[in-house]
Amino acid sequence: MPKPENHVPASDHRSAIVVGGGVIGTTTALALQRAGWAVTLIEAEDTPRAASWGNAGHIATEQAEPIASPAMVRGFAKRLFFRGGALALPPREIATWLPFSLRLLKAARPARYERAHEALAALLAQAMPAWQRHVAALGAPDLLRAHGHVVLWETPESAARGLANWQAADTGTAHFRSLTEAELQDWRARICAPIAGGIRFEGSGQIADPTRLAETTSARFVDDGGTRIVARVASVGDGEARLTDNRRLTADQIVVTAGVASAALLRPFGLKAPIIAERGYHLQTGPDVDWPADLPPVVFEDRSMIVTRFAGGLRAASIVEFARAQANPDPAKWNRLRQHIAALGLPIGEDAKPWMGARPTLPDYLPAIGRVPGAKGVSYAFGHNHLGLTLAPITGELVAAMLAGKSPPFPTSPFELQRFR
Ligand SMILES: Cc1cc2nc3c(=O)[nH]c(=O)nc-3n(C[C@H](O)[C@H](O)[C@H](O)COP(=O)(O)OP(=O)(O)OC[C@H]3O[C@@H](n4cnc5c(N)ncnc54)[C@H](O)[C@@H]3O)c2cc1C
């Protein structure tokens, strides 16, 4: 049967439409393109500024334990925003966060947590090698800085507790050592608050700059023949994407990578994705900031805040706010960041630019990667929560393998949405 006129694009290649141009969508589009697919990427924003741009830039290979864990449940109350922590459950958003939190509690039960841990650890072990392949393919190896990261504590008690926690944790392919006295002195010279202890991770890293990552990825995709359309997808069918302006585009495969918006696009297929917008906040300076360009990301663990030096400036990020993605940002969250910044004496002033965006998070803190059952031409990759940047290239590779009918190097069934039946 002849393809409709708007089947994209007209060529001998198999065609795919990727819906959503965040870091998961763009890396997936590139991986498919490298595998020989003719790819159209549909992104709602001309210059996307969602979580993929606003994140902390940390390649977090050390976070092999899913956040939905017995330990997280035990520490829940202490982490609440009104008690000085980073976890915000706004009362007016209770209809959103209460059902999610109940599912999270279930997912944190030991047996389910252990299964999720095994699945995440296997995926995360591939994250850094996949990043290395990705930046090599982009022709921009300097976008990845595999120089580890630092964790600092401000009191002897938190240093002892924090160190013990990391010693007991599964840190995946990353390793750490205590900071030397000279390294601690360097940090003390830079930070106003007392620094009681710290560790240096190796095997983790950062991306050099989120803006350059997005621009380089987009340019490579288009240069290699990809089509980028700025439009919002209203609905997805088997091999079809309908846009809000009523245009219909068809392809052999549709891949939904629309972050928190993915669940609504998949609902008509009867797939349940109990996703929440786990909103984070950041403040960022311009590029001329008094902070060495070669310092790795630093986590102030007592404050649940990470500070990353990008080419474009110094960024302080924190806050986990369970809410609807479209709810207004809460200025109290930026004020909390400002208090931390002042207490630490960081060179992030009043002119720093505020940002808020949503981590796409499922209750078991595993991503959703799979094919839509019963549909020949629809698959999905979203829900990467705190690890979307870290896991983007390996996710793209997995989707490309899945659509080519190849076996992945480790089991991917734990990531299928059918787990929420
Ligand atoms: C403060 C903060 C710090 C973080 N730090 C880190 C970190 O250091 N390391 C790490 O690994 N991860 C981190 N994350 C998490 C990471 O940023 C996310 O997991 C990741 O960006 C998710 O990527 P995504 O492409 O799935 O979603 P998004 O970034 O949300 O992108 C989805 C895209 O889809 C588009 N879209 C949505 N609906 C439609 C539609 N209907 N039609 C067309 N387009 C559509 C949107 O415009 C958007 O551009 C952080 C997140 C936050 C908020």
Side-chain angles (χ1 to χ4, degrees), residues 17-29 40-63 67 86 124 127-128 131 149 204-207 210 213-214 217-218 228-236 241-245 249 254-266 275 277-284 297 299 304-308 310 315-321 325-326 329 333 337 354-362 365 367-369 380-396:
I17 291 173
V18 176
V19 179
V23 71
I24 301 296
T26 50
T27 51
T28 298
T40 298
L41 178 67
I42 309 178
E43 162 56 47
E45 307 291 336
D46 190 21
T47 309
R49 287 290 177 262
S52 296
W53 177 84
N55 61 60
H58 174 39
I59 307 301
T61 49
E62 79 287 358
Q63 292 177 23
I67 291 176
L124 200 62
M128 189 60 93
W131 258 106
H149 72 283
S204 56
Q206 70 167 101
I207 54 133
L213 174 67
T217 311
S218 183
R228 195 172 180 281
I229 296 177
V230 179
R232 188 168 289 277
V233 172
S235 64
V236 165
R242 189 170 61 77
L243 309 186
T244 47
D245 60 13
L249 302 179
I254 311 285
V255 189
V256 176
T257 58
V260 281
S262 304
L265 293 171
L266 293 169
I275 201 158
E278 228 197 282
R279 297 156 21 128
Y281 289 67
H282 85 219
L283 289 168
Q284 180 169 337
V299 178
S304 301
M305 185 170 84
I306 177 167
V307 174
T308 311
F310 294 122
R315 179 177 289 182
S318 181
I319 307 295
V320 166
E321 181 181 57
Q326 66 277 22
K333 308 299 169 356
L337 273 172
W355 172 93
M356 185 278 293
R359 304 172 187 91
T361 298
L362 292 159
Y365 283 76
I369 306 169
Y380 53 83
F382 66 97
H384 292 69
N385 59 80
H386 293 237
L387 292 172
L389 179 73
T390 306
L391 294 174
I394 185 60
T395 297

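Whatever order the structure lists ligands and atoms in, that order sets their numbers, starting from 1. Because only heavy atoms are used, hydrogens play no part in the values below, and waters and symmetry mates are left out as well, while side chains stay in. Everything numeric in this text was worked out from a predicted model, so none of it was measured. Here, residue 1 is the first one in the sequence, and each next residue gets the next number.
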Minimal heavy-atom distance between S304 and S318, with the atoms involved, is O-OG, 2.7 Å
Taken to the nearest 0.5 Å, the spacing of W53 CH2 from T47 OG1 works out to 10.5 Å
**Item:** Any side-chain heavy-atom pair of R232 and E45 under 4.5 Å
**Value:** yes
Tested for side chain to side chain donor-acceptor pair (under 3.5 Å) against Y365, the lone hit among R359, E278, Q63, H384 is E278
Item checked: Step-by-step side-chain contact (heavy atoms from CB on, under 4.5 Å) determination, H386 to V320 -> CA-CA 10 Å; H386 293 237; V320 166; 3.7 Å; yes
When every non-hydrogen atom of E321 is compared with those of Y281, the smallest separation belongs to OE1-OH, 2.7 Å
Less than 4.0 Å from some atom of ligand 1, heavy atoms are found in residues G20, G21, G22, V23, I24, I42, E43, A44, E45, P48, A50, A51, S52, N55, A56, G57, H58, A231, R232, V233, A258, G259, A261, G280, W355, G357, R359, P360, H384, N385, H386, L387, G388, L389, T390
